[in-house]
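For clarity, every value in this text was computed on a predicted model and none was experimentally measured. Keep in mind that the numbers below use all heavy atoms, side chains included, and drop hydrogens, waters and symmetry copies.
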Number of protein chains: 2
Amino acid sequence: MNAPHFSTKERILGAAETLFAQHGFAGASLRQVTAAANVNLAAVNYHFGSKDNLIEEVFRRRLDELNVRRLAALKNALAADEPKLEDVLGAFIRPALELSLDHEGGHAFMRVLARAFAEHDERLRKFLSDNYGHVLREFATAFAGFLPHMDKEELYWRLDFITGALTHSMADFGPMRRRSQVSEESHRERAAAHLIRFAAAGLRTA
Amino acid sequence: MNAPHFSTKERILGAAETLFAQHGFAGASLRQVTAAANVNLAAVNYHFGSKDNLIEEVFRRRLDELNVRRLAALKNALAADEPKLEDVLGAFIRPALELSLDHEGGHAFMRVLARAFAEHDERLRKFLSDNYGHVLREFATAFAGFLPHMDKEELYWRLDFITGALTHSMADFGPMRRRSQVSEESHRERAAAHLIRFAAAGLRTA
DNA sequence: GTCTATATTTGGATAGAC
DNA sequence: GTCTATCCAAATATAGAC
């Protein structure tokens, strides 16, 4: 499953990501994880201490990078001569798209993230809001710059709708199926372009 | 937890809905469910045969009613002299809103539904597409009537975005919190109104 | 750091009395 | 239909050798 040059720790993280995506946090057992990672059962507790800590590490690994990319893209979009709403939306959406494509387990991670939303677990929520919240606030500020007359509450609702639509579509929850003649890349790229247009119109409306 | 005039079967369904929402299908044990329902552990297997069957019944109970309400509202919206896109959107969104408010466990069910999306379980997907698919197709046809020049693929993507936004917001996944001075009803009612405006603008854009 | 072996808990399901 | 008691499989976690 994983190349042998990855460390035990990394192999566990990769296998956990895949299996948590498929079966959920409670549904994927450490036995399945260690078997898929080709490591001993006891290795999880040695490296991570507990299953809960393993779950957090699965998030940290990807979210750190996702947030760096989003903030860099945001900075880039705002540095243009005439910043466009669509580019700020792209800065929010495209890094998620790339994550779902670039890495071996990126696609799995999008599903893990969606499961985290569903968990409503206070510990996870706090963890996500600590890591995710300030990024969302920066984007909210940027969007507010384009929509100076919009009610704050309405803006936050709209960003919430966009997050829901993004998660739902990137995690393949809906009935949209890739047709066999288009590649995975162009399928998702098209989805992102559709979402940016849809969301830009939704944001701009009075 | 539940009034004594409910049958054993109904008490199990209600408790299962709540606990599946909180802990997931794998995370909620039949022991937790039967304890919360104040019935004996053996009652689940007697009435439902297995945990998997219990899960399906939790869906069937709510989805049947949700679909009836959506289709009735759709028919109503299309029967108007000058049907409006917003009313068709409302026919899709408001029954979900009402479900999340009307019943004791309706809100829990929205979270269960979101978990079902995340499961990606083939059995559940088939069950949902059998029960959900034809309703989505009827709505797609109705929307296409308002947007005659829109590409079919683009329309389906947009409906997928709306579904994601609806599920995400009705299941309280995002950071939007109800402020203490507004009631639960008006909080959600406002969310639905926001979503309808947002989605209508997104659907109409070229 | 990694393994085997095992302690301990918890899960789904069922048998059989009432 | 409902209960008690129990079987059996699977889970997390740990102890201790290497």
Side-chain angles (χ1 to χ4, degrees), chain A residues 1-59 61 112 115-116 118-119 121-124 127, chain B residues 1-61 112 115-116 119 121-124 127:
Chain A
M1 179 75 84
N2 286 284
H5 63 275
F6 286 113
S7 70
T8 294
K9 217 171 162 176
E10 284 168 327
R11 291 214 306 284
I12 292 173
L13 283 171
E17 185 170 65
T18 303
L19 287 163
F20 288 154
Q22 288 173 353
H23 308 295
F25 304 115
S29 72
L30 294 185
R31 286 179 151 75
Q32 289 176 283
V33 169
T34 52
N38 246 301
V39 303
N40 189 272
L41 171 59
V44 168
N45 278 304
Y46 177 79
H47 286 286
F48 299 95
S50 71
K51 187 176 182 175
D52 276 353
N53 284 338
L54 170 60
I55 292 172
E56 279 201 6
E57 285 307 311
V58 167
F59 282 104
R61 187 173 63 144
V112 173
R115 285 192 185 269
E119 286 296 324
D121 179 89
E122 270 313 312
R123 183 179 172 183
L124 261 183
F127 180 82
Chain B
M1 180 73 88
N2 287 283
H5 62 276
F6 285 112
S7 70
T8 294
K9 216 170 162 176
E10 284 167 329
R11 291 215 306 283
I12 292 172
L13 284 171
E17 186 171 64
T18 302
L19 287 163
F20 287 156
Q22 287 174 353
H23 307 296
F25 304 112
S29 71
L30 293 184
R31 286 179 152 80
Q32 289 176 282
V33 170
T34 51
N38 247 302
V39 303
N40 189 271
L41 171 60
V44 168
N45 277 306
Y46 178 79
H47 286 285
F48 300 95
S50 72
K51 187 176 183 177
D52 276 354
N53 284 340
L54 170 61
I55 292 171
E56 281 201 4
E57 286 307 311
V58 168
F59 282 104
R60 194 190 313 277
R61 187 172 65 142
V112 172
R115 284 193 186 267
E119 286 297 325
D121 180 89
E122 270 313 312
R123 183 180 173 184
L124 261 183
F127 180 82

* Would you give the length of the straight line joining atom CZ of F20(A) to atom NZ of K51(A), rounded to the nearest 0.5 angstrom? => 5.5 Å
* Asked: How close or far is atom P of dT14(C) from atom CZ of F48(B), stated in whole angstroms?
  -> 16 Å
* **From I12(B) atom CD1 to N38(B) atom CG, the distance as rounded to the nearest 0.5 Å** => 11.0 Å
* Structure fact -> Here the distance between atom P of dA11(D) and atom CD of Q32(B), to the nearest Å, is 17 Å
* Structure fact -> Residues R115(A) and Q22(A): closest non-hydrogen pair is NH2-O, 3.3 Å
* Asked: Dot-bracket, DNA chain D: Watson-Crick or G-U, under 3.5 angstrom, [ ] crossing, | other strand?
  -> ||||||||||||||||||
* Does S29(A) have a side-chain nitrogen or oxygen under 4.0 Å from the phosphate oxygens OP1 or OP2 of dA11(D)? -> yes
* May I have the distance from E10(B) (atom CD) to dG1(D) (atom C1'), rounded to whole angstrom? => 15 Å
* Is the side chain of Q32(A) donor-acceptor paired with the backbone N or O of S29(A) at a distance under 3.5 Å, no angle test? -> yes
* Once you round to the nearest 0.5 Å, how far does CG of L13(B) lie from OG1 of T8(B)? -> 11.0 Å
* Asked: At what distance, to the nearest 0.5 angstrom, does CD of E10(A) lie from NE2 of H47(A)?
  -> 11.0 Å
* Asked: Within less than 4.0 Å of OP1 or OP2 of dT2(C), is there a side-chain N or O belonging to T8(A)?
  -> yes
* **From L54(B) atom CG to E17(B) atom CD, the distance as rounded to the nearest 0.5 Å** => 10.5 Å
* To the nearest 0.5 Å, how far apart are CD1 in I55(A) and CZ in F48(A)? -> 11.5 Å
Sort me out a list of protein N/O and nucleotides 13-18 of chain D N/O pairs below 3.5 Å, or just none if empty.
residue, atom, partner, partner atom, Å
dA13(D), OP2, K51(A), N, 3.3

